[in-house]
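Just below is one structure, and these are the notes that go with it.
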Amino acid sequence: MPTDEWLARPLKEFIRTVAFSVAEGQEELDRRSMEVQRAIDRDIEDGSLAYDLDASWLRFADVEADLEMTLSIEGQEIRDPETDEIRGYKPVVSAVPLNHRTADEYDLDAEIASEVRLRIAPVPPESRSP
């Protein structure tokens, strides 16, 4: 498995990156809708728009991702803070995306790739108490 730090990262970082990308996309959609709503409100106030309209608010219903990657499990040392002796090992799953570049460069076998599927669904916020 490749050891380049920029390439081989814990699986949770890949999942976190996908989740943050979805969140950033949703924020951009929201910003765009707010801009359009402000423009509509201005046009209504100055009389150039005779109808009371609302901007469309778009929302990701679900996001599904299918990732092909090679996975490895390595032990991360757990040391005693007082003696600095190794107390054990914490398993860490690292992942490398499987594509033509990484397969050729690192001689990875697509037959032993893992498929990671994830689904991100919106969750309504908790209601605020007055």
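Keep in mind that this is a model prediction, so the values were computed, not measured.
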Short question: side chain of [X], backbone of [Y] - any donor-acceptor pair under 3.5 Å?
X   : Y    : result
Q76 : P91  : no
S33 : A55  : no
E64 : R119 : no

Side-chain touch [X]/[Y], heavy atoms, less than 4.5 angstrom:
X    : Y    : value
M34  : W57  : yes
I120 : L118 : yes
R59  : L29  : no

Check: What about V63 and L58, same hydrophobic cluster or not, with Ile/Leu/Val/Met/Phe/Trp/Tyr joined at side-chain heavy-atom distances under 4.5 Å?
Finding: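 Yes; L58 is reachable from V63 via cluster members.
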
- Query: How long is the gap from OG on S21 to CZ on R16, to the nearest 0.5 Å?
  - Reply: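 The distance works out to 12.5 Å.
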
Atom pair CG (D66) and CZ (R117), whose distance is rounded to the nearest 0.5 Å: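 Reported value, rounded in 0.5 Å steps: 4.5 Å.
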
(Q) Side-chain heavy atoms under 4.5 Å apart, restricted to Ile/Leu/Val/Met/Phe/Trp/Tyr: what other residues fall into the cluster of V36, or is it alone? (A)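 When side chains under 4.5 Å apart are linked, the cluster holding V36 also contains I40, I44, L49, Y51, L53.
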
Practice problem: Could you check E45 against R42 for salt bridge (Lys or Arg N to Asp or Glu O under 4.0 Å), going step by step and ending with a plain yes or no? | Solution: CA-CA 5 Å; E45 283 180 18; R42 278 191 305 271; over 6 Å; no

Verdict with reasoning, E35 to R38, per salt bridge (Lys or Arg N to Asp or Glu O under 4.0 Å)
CA-CA 5 Å; E35 288 173 19; R38 282 190 210 107; 5.9 Å; no

Original post:
What residues, two or more places apart in sequence or in another chain, satisfy side chain to side chain contact (heavy atoms under 4.5 Å, CB included) together with I86?
Top reply: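 Only E77, R79, Y89 meet the side chain to side chain contact (heavy atoms under 4.5 Å, CB included) criterion with I86.
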
